[in-house]
Amino acid sequence: MERWRGRVALVTGASVGIGAAIAKELVRFGMKVVGCARSVEKIQDLAAECRAAGYSGELVPFRCDLTSVEEIEAMFAAIKAQHRGVDVCVNNAGLAHPEPLLSGGTSGWKNMLDVNVVALSVCTREAYQSMKERNVDDGHIINLNSVCGHFVYPSADIHFYTATKFAVTALTEGLRQELLEAKTHIRATCISPGVVETEFAPRFYNKTPGKAEEMYSQIKPLEAVDVANAVIYVLSAPPHVQVGDVLMRPVEQMM
């Protein structure tokens, strides 16, 4: 990770869970991390925690609503003005609503597409352009995917969410191919975790909170720091090594 010391990373959805864990680890390894979310109070607290721990990097909170293309573009403009640009982009932000294909609400479907697919793609485009205009040839774009991006589970509530994650799988591979055609050494990777104990399940099952507790009690889930460690592993790979996908799950998870 030494070559990333002092360089700039963007982590979306950095206020809680996996995003917060990734931001914290990157700061620990000496990166300047712009952590964005709709609300930055928790990121401000995390930044103070990093300073108190004596980490060599810096966490910069940034308020951004990823459903707004204008706000995303304004964020990248601010990063350019204040930090020159982005060297690593971690598209972590994502959400799910229990909206089945046969009875789900259109607004929920659109919200999942806006955050999980469109925002990820806009951030990817803007990050690449930032790297290109500064002749950064060793940058990295990392997409937080899911095992749901590889398997269709027999659960109606997550089928539309699954479709958005299959899109992330396709977008990451398409990105890898376009970067190769552009004759750049910028790398593209997706991280595909299984069950992780974060706020994700309680939010998903907010009307039936017992379901989240039941899910976490049946197996020992991954922790957010496990996913953050996977990001560190990917970034630590030698520049000639392309890690396309990291599929990770609890040892007790069947699929």
Side-chain angles (χ1 to χ4, degrees), residues 4 9-13 18-19 22 26 66-67 69 72-73 76 85-96 101 109-133 136-153 155 158-196 200 222 226-249 253 255:
W4 295 113
L10 169 67
V11 179
T12 65
I18 293 171
I22 293 171
L26 294 179
L66 292 173
T67 64
V69 175
I72 296 174
E73 291 175 341
F76 274 90
V86 170
D87 302 304
V88 173
C89 178
V90 182
N91 287 308
N92 164 77
L95 51 80
L101 300 179
W109 293 346
K110 287 184 175 180
N111 189 220
M112 285 185 272
L113 282 172
D114 284 344
V115 176
N116 299 359
V117 179
V118 177
L120 176 146
S121 299
V122 175
C123 287
T124 296
R125 179 190 68 204
E126 297 302 309
Y128 170 70
Q129 293 299 329
S130 172
M131 296 173 197
K132 181 181 177 182
E133 69 181 19
V136 171
D137 193 48
D138 65 342
H140 209 133
I141 297 169
I142 300 174
N143 294 330
L144 259 293
N145 198 349
S146 166
V147 291
C148 288
H150 303 272
F151 307 102
V152 180
Y153 291 87
S155 174
I158 62 169
H159 283 159
F160 196 92
Y161 168 76
T162 295
T164 69
K165 289 303 182 178
F166 263 76
V168 173
T169 301
L171 288 168
T172 306
E173 174 57 18
L175 174 62
R176 185 193 69 81
Q177 294 179 16
E178 290 191 26
L179 291 170
L180 189 61
E181 290 174 2
K183 301 187 185 308
T184 175
H185 294 94
I186 297 169
R187 297 181 291 180
T189 302
C190 67
I191 311 289
S192 302
V195 177
V196 186
F200 186 90
L222 299 175
D226 297 324
V227 183
N229 287 337
V231 171
I232 299 302
Y233 162 75
V234 166
L235 287 172
S236 299
H240 69 285
V241 176
Q242 173 82 263
V243 181
D245 195 349
V246 178
L247 185 61
M248 55 191 298
R249 68 193 90 183
Q253 185 175 342
M255 290 179 62

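For the pair C123/F76, a side-chain contact is recorded, criterion being any heavy-atom separation below 4.5 Å from C-beta on. Residues L26 and I232 have side chains in contact (heavy-atom distance under 4.5 Å, counting atoms from C-beta outward). A 4.5 Å side-chain heavy-atom check between L175 and T124 finds at least one atom pair inside the cut-off. Inter-residue side-chain proximity for V227 and I191 is flagged as met; some heavy-atom pair is nearer than 4.5 Å.
Residues D245 and S192 bring a donor and an acceptor atom of their side chains to less than 3.5 Å of each other. Under the 3.5 Å distance criterion, with hydrogens and angles disregarded, no donor-acceptor pair is assigned to the side chains of T12 and N92. When only modelled atom types and interatomic distance are considered, Q177 and E173 share a side-chain donor-acceptor pair under 3.5 Å.
For S121, there are no side-chain hydrogen bond (donor to acceptor under 3.5 Å, both in side chains) partners two or more places apart in sequence or in a different chain. The side-chain contact (heavy atoms from CB on, under 4.5 Å) test applied to T164 returns M112, L113, N116, V117, F160, Y161, not counting sequence neighbours. Applying the side-chain contact (heavy atoms from CB on, under 4.5 Å) test to K110 and every residue at least two apart in sequence or in another chain returns T106.
Between the side chain of Q253 and the backbone N or O of V195, at least one donor-acceptor pair lies under 3.5 Å. Side-chain atoms of S130 come within 3.5 Å of backbone atoms of V86 as a donor-acceptor pair (strictly under, hydrogens ignored). A donor-acceptor pair under 3.5 Å links the side-chain atoms of T172 to the main chain of V168, judged by distance alone. Although no hydrogens or angles enter the test, the distance criterion places a donor-acceptor pair under 3.5 Å between the side chain of H159 and the main chain of Y153.
The distance from atom CD1 of I186 to atom CD1 of I141, rounded to the nearest 0.5 Å, is 6.5 Å. Considering CZ of R176 and CD of E181, their distance stands at 10.0 Å, rounded to 0.5 Å.
Around the OH atom of Y233, the shell of radius 6.0 Å holds no more than 12 heavy atoms that belong to other residues, nucleotides or ligands.
When all heavy atoms are compared, the tightest approach of G149 to T169 is O-OG1, 2.9 Å. Closest of all the heavy-atom pairs between W4 and D138 is CH2-O, 3.1 Å. Heavy atoms only, all atoms of each residue included: L66 and A93 are closest at CD1-CB, 3.4 Å. For L179 against A188, the heavy-atom pair with the smallest separation is CD1-CB, 4.1 Å. Taking each heavy atom of V241 and R187 in turn, the nearest pair found is O-NH1, 2.7 Å. Scanning all heavy atoms of the two residues, the minimum distance from F200 to A96 falls at CZ-CB, 3.5 Å.
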>> Could you go through H140 and M131, starting from their C-alpha distance and side-chain angles, then the distance that decides it, and tell me whether this counts as side chain to side chain contact (heavy atoms under 4.5 Å, CB included)?
In response: CA-CA 9 Å; H140 209 133; M131 296 173 197; over 6 Å; no
